[in-house]
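Every value quoted in this text rests on a predicted model; they were computed, and no experiment measured them.
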Amino acid sequence: MKNKISFLKSIRLWGILFLIALAGILIIIDVSRSYRDVKLQTEQVRVDYLEQQRQLIKWEVDRVVKLINFETEHVIQIEQDRIKERVYEAYAIAENLYEQHKSSKDNETIRKIIIDAIRPIRFDQGRGYYFMTGLNGVSQLMTDSPATEGKNILDFQDSRGKFVVRDLVNIATRNGEGFSRYYWRKPDQQEGDFLKYSFVKKFEPLDCFIGTGVYLDAIEDSMQKIISKYVDNHRFGPNRLGYVFILDLLNIQGGDRFAIMYANPNRPDLVGQYVSDKLPDAKGKVFRQEFLRGLREHGECYVDYWYKKFSNLKPSPKTSFFKLTEDGRFIVAAGVYLDDVEEKIVTIQTTLNDEIWSNVRLYLFAVTMIILCFVLLWNWLSQRLRNDFLLFAEFFNGAADSSAAINRKLVKFVELDQLAEYANQMLDDKDAAEKALVAEREQLLVTLYSIVDGVITTATDGRIELMNHVAESLTGWKQSDATGKPLSEVFCFKSESPLSTSEQRALLIAKDGQEYQILVGSAPLRGAEGVVRGQVIVFRDETERLKTEEELFKARKLESVGLLAGGIAHDFNNILAGLFGNIELAKRKIPEGHAAYSYLQVANQALERATNLTKQLLTFAKGGEPLLEAVSVEQVIDAVVQFNLSGSQVKAEFVFPEDLWPVNADKGQFGQIFANLTINAKHAMPMGGTLHISAENISLSADKPSRMVPGDYVKLLVRDEGIGMTAEVLDKIFDPYFSTKQTGSGLGLATVRSIVKKHKGSIFVISEPGRGTSFTLYLPAEKTDCNSVISAATQNVDSTISAGRVLVVDDEDIIQKVLVDMLILNGYSVDTADEGRTGKDKYLAARHSGQPYDLVIMDLTIPGGMGGKEAAEEILKVDPHARIIASSGYSTDPIMAKYWDYGFKGRLLKPFRLDDLTNEISRIQNQ
């Protein structure tokens with residue numbers, strides 16, 4: 001009988017051959033890709049080495065720059081203290097002489113005695129002397145230039161155009177004493193001028209000041225020795241071959257003599273010689289012109305060029321860092337050769353080759369297929385997420401002399417009596433008219449002072465006649481002071497006067513310099529015959545109204561973002577819940593050592609970031625309440641700040657009193673506030689610094705004026721030492737999507753403000769460029785620490801759960817499937833329903849059949865059907881002891897904040913993890 005071929009064996013054989021062939025193809029592809037990765041990694045090593053070396057030389061240069069800046073300030077401070085002490089000595093001499101002779105001699109005689117006493121005093125090897133000048137600018141003593149004595153030198157300027165004597169007079173007049181910096185010639189040199197620091201002290205009895213000074217070039221040699229010694233003794237890098245050299249900059253524009261070599265430990269023979277920018281490197285590159293251009297534009301720069309090593313005449317690639325000191329005088333530089341990395345690269349290539357061939361033997365077809373399927377699935381899901389985010393982002397991108405009458409009893413004639421009668425009547429009429437005029441004027445004044453707008457009247461020559469209280473308040477002038485003054489002197493504007501018959505907006509400058517946004521109009525003031533006798537100006541303070549409109553505009557912007565954020569929360573968190581659940585279930589199916597496990601971990605971390613972004617968006621959502629509890633300020637802030645500052649040069653400094661109250665807050669959102677503020681502070685201090693955080697208890701009573709509701713608050717101050725902000729930036733920092741960083745989302749501070757507002761708190765910010773930024777927050781305090789119900793979900797519970805029957809009510813298939821798989825994994829039997837009515841019917845049917853459900857997980861929001869709240873109410877009418885868990889992707893839903901008020905036994909926030917589900921079920925079972 002002819003041998004027959006076994007079908008199973010054939011399939012097995014062909015399957016093995018197919019797998020071997022496919023594995024071979026995949027191995028070849030992987031080896032090719034690995035060699036390409038080796039090449040890319042080699043290039044990355046070069047890039048990393050370059051960056052590492054650049055950081056090293058920049059750090060070393062920064063150290064020397066700081067030393068130069070420190071030594072300059074230190075030496076100048078010593079010299080300032082010395083000349084100050086000299087002036088105090090001369091002042092004591094003058095004071096003693098004045099006290100001795102003030103009762104017997106006039107001031108001019110005493111002045112001459114004092115001048116004769118201090119004129120011959122010399123110090124600093126004859127270069128130091130005293131000078132004395134009147135506060136009117138008349139020179140009284142000038143040892144190095146006696147020809148100027150008795151002359152007014154108030155308009156004297158140094159070679160840089162500075163009015164030296166005016167500056168000294170201002171210092172003595174305004175402060176009594178102080179320092180001034182200018183350029184002055186030396187006593188022993190008739191030409192040239194030199195940088196000089198002087199100290200003056202006002203001598204009140206004679207209306208003059210006494211002073212002396214020091215020339216800074218006298219201390220130059222001392223500073224150069226200190227700096228040169230440091231540079232000579234400080235080496236760095238491999239074999240300590242790295243060094244720092246310093247150029248004394250003469251002309252930053254370049255030239256044959258643009259600098260003098262100030263310090264060079266490797267070439268001491270070049271110290272003191274001029275340096276030209278024309279010198280090329282070994283490849284012909286004029287690199288000095290390049291670094292001069294970088295210094296002019298940025299103050300520091302890197303330059304790559306070729307240069308010979310001292311141990312080898314062959315040119316090698318080199319990178320150097322150049323930086324200007326603060327005063328712009330010195331160029332500090334250091335460099336390092338880049339060809340030392342090649343040996344390291346050869347070693348890496350050899351090691352990577354061995355690892356490649358070792359890894360090839362460990363590849364399995366199933367692992368490759370799992371990774372490939374996951375990558376394809378993830379790319380598909382992430383692309384859909386990205387498209388949705390783009391849609392959301394595009395969608396996310398607004399105030400006569402006597403009245404004595406005629407005594408008719410004394411009139412004898414009838415005719416005259418009648419005339420007297422008429423005369424008395426005329427007098428009575430005049431008195432009545434005057435009284436009416438006075439009453440009218442009083443009524444006019446009462447009306448004028450009752451008007452909420454400012455009113456000013458002027459005569460035809462433009463001088464002020466009348467002002468009401470509002471005008472006095474806004475201009476800063478009292479009517480008694482302003483009457484008779486020109487209108488332009490009292491009513492001042494930042495730009496051209498806007499006065500016209502129609503209302504105009506203008507910026508009013510008050511007497512104290514305060515500015516007011518006003519609406520102003522004017523009209524001619526006419527007499528009874530229509531003749532113009534002056535002008536009336538009416539104006540209204542619009543400052544607060546404009547501020548209110550601006551705040552209202554910002555609030556509407558936040559509200560629009562909130563409406564959109566709340567609208568997408570439920571659907572987006574459903575998607576995230578499905579992704580989280582499937583990833584966790586996948587992790588349960590493979591061991592931690594599996595090659596795909598790390599990819600699942602990375603995906604899980606990416607979803608964590610998406611969840612955090614959703615939480616930030618949800619802080620803008622209109623309606624809903626934070627999940628409040630008593631939160632320890634110290635614990636949360638310390639943990640969040642330290643985490644966000646890890647790896648940076650910024651350190652945190654905390655000041656918390658021992659009796660600090662907890663705050664009544666959502667713990668996650670409270671931490672989000674300080675995470676965002678810490679990240680902003682870290683970005684504001686790229687060179688390092690200190691972040692100061694302090695807190696104190698504050699009680700606001702109703703009798704104290706405040707924009708906040710009376711009550712107990714915790715006041716938190718967050719202050720950095722960063723670059724600060726301009727007024728224009730400060731006005732926009734709380735606007736959603738406004739950011740000064742290229743990589744910023746623009747939601748950080750908007751999120752902070754939204755969280756503080758939802759917690760019924762307040763936030764204030766102060767910032768100036770170069771002086772850092774301070775945020776002050778007021779959050780309601782929780783003095784009783786009794787929110788045990790709210791925090792019950794976070795208490796430690798026994799994670800062991802018992803088996804039973806569970807009903808899952810959710811309209812999303814992916815959520816149903818994830819919950820079913822998770823519950824089955826924990827030993828439950830599970831039924832599902834896609835809306836509340838169906839779920840209610842199933843629950844009641846199971847109860848009537850004698851096989852009731854032990855637990856119900858109910859989604860709150862079900863479009864087109866009965867929601868979780870209504871379904872739970874129906875079930876609880878029949879079974880008040882039903883165990884129902886509220887589930888929602890909208891974490892700020894009022895039901896989720898106080899679920900027990902609606903009959904629920906627990907809550908499950910989407911997206912959730914397997915541990916969240918297990919812990920919540922265990923907590924409910926253990927009640």
Side-chain angles (χ1 to χ4, degrees), residues 396 558 561-562 565-566 568-569 572-573 576 605-646 648 652 654 662-684 691 693 695 714 716-718 720 733-739 741 743-765 773 775-780 782 790-791 793-794 889-893 896-897 909-911:
F396 286 146
L558 281 174
V561 174
I568 67 169
F572 188 63
N573 278 330
L576 290 178
Q605 294 170 5
L607 289 177
E608 290 283 359
R609 294 179 60 187
T611 303
N612 289 335
L613 178 58
T614 307
K615 289 180 179 179
Q616 291 201 48
L617 288 173
L618 281 175
T619 60
F620 300 110
K622 183 176 181 181
E625 301 177 15
L627 308 183
L628 299 178
E629 57 183 310
V631 176
S632 170
V633 173
E634 302 98 316
Q635 293 178 4
V636 174
I637 293 180
D638 183 74
V640 170
V641 172
Q642 297 294 358
F643 175 79
N644 284 280
L645 290 183
S646 61
S648 72
F654 303 100
V663 294
N664 189 23
D666 184 307
K667 185 175 182 180
Q669 293 186 7
F670 181 72
Q672 186 70 51
I673 292 175
F674 286 88
N676 292 357
L677 293 180
T678 301
I679 292 171
N680 279 8
K682 182 169 65 175
H683 291 165
L691 178 60
I693 301 178
V714 174
L716 300 129
L717 177 63
V718 182
D720 64 49
I733 59 172
F734 293 119
D735 292 355
Y737 303 106
F738 173 78
S739 175
K741 304 188 288 287
T743 58
S745 67
L747 290 176
L749 290 179
T751 300
V752 170
R753 188 187 191 194
S754 180
I755 293 174
V756 172
K757 182 179 178 182
K758 286 198 173 184
H759 282 73
K760 297 180 176 58
S762 298
I763 181 169
F764 307 95
V765 60
T773 301
F775 287 90
T776 303
L777 298 90
Y778 293 85
L779 292 175
E782 177 55 69
I790 296 175
S791 59
T794 60
Y890 193 7
S891 62
T892 56
D893 190 305
M896 299 301 285
L909 299 177
K910 300 177 186 177

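Counting heavy atoms from C-beta outward, Phe670 and Ile755 have side chains that stay 4.5 Å or more apart. Annotation: side chain of Ile673 is not in contact with side chain of Ile763 (no heavy-atom distance under 4.5 Å). By the 4.5 Å heavy-atom criterion applied to side chains, Phe654 and Gln642 are counted as neighbours.
Proximity of a side-chain donor or acceptor of Asp720 to a complementary backbone N or O of Thr773 within less than 3.5 Å is detected.
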> Where do Leu677 and Leu749 land on the side-chain contact (heavy atoms from CB on, under 4.5 Å) test, with the steps shown first?
Replying inline: CA-CA 7 Å; Leu677 293 180; Leu749 290 179; 3.7 Å; yes
### Derivation of the side-chain contact (heavy atoms from CB on, under 4.5 Å) call for Phe674 and Val718
CA-CA 9 Å; Phe674 286 88; Val718 182; 3.7 Å; yes
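In this structure, the separation between CD1 on Ile733 and CG on Asn680 is 8.5 Å, given to the nearest 0.5 Å. Ser754 contributes atom OG, which lies 11.0 Å from atom CD of Gln672 (distance to the nearest 0.5 angstrom). Tyr778 OH to Leu716 CG: the interatomic distance, rounded to the nearest 0.5 Å, is 10.0 Å. Atoms CG and NZ, from Leu691 and Lys682 in turn, are 11.0 Å apart once rounded to the nearest 0.5 Å. To the nearest 0.5 angstrom, Lys667 atom NZ is 8.5 Å from Ser632 atom OG.
Residue Val633 forms a side-chain contact (heavy atoms from CB on, under 4.5 Å) with just one option from Leu779, Ile693, Val663, and that option is Val663.
Heavy atoms of other residues, nucleotides or ligands lying less than 6.0 angstrom from CD of Glu634 number more than 12.
Pairing each heavy atom of Val756 with each of Ser762, the nearest pair is CG1-N, 3.4 Å. Pro662 approaches Val714 most closely through the heavy-atom pair O-CG2, 4.1 Å. Closest of all the heavy-atom pairs between Gly671 and Val636 is CA-CG1, 3.9 Å.
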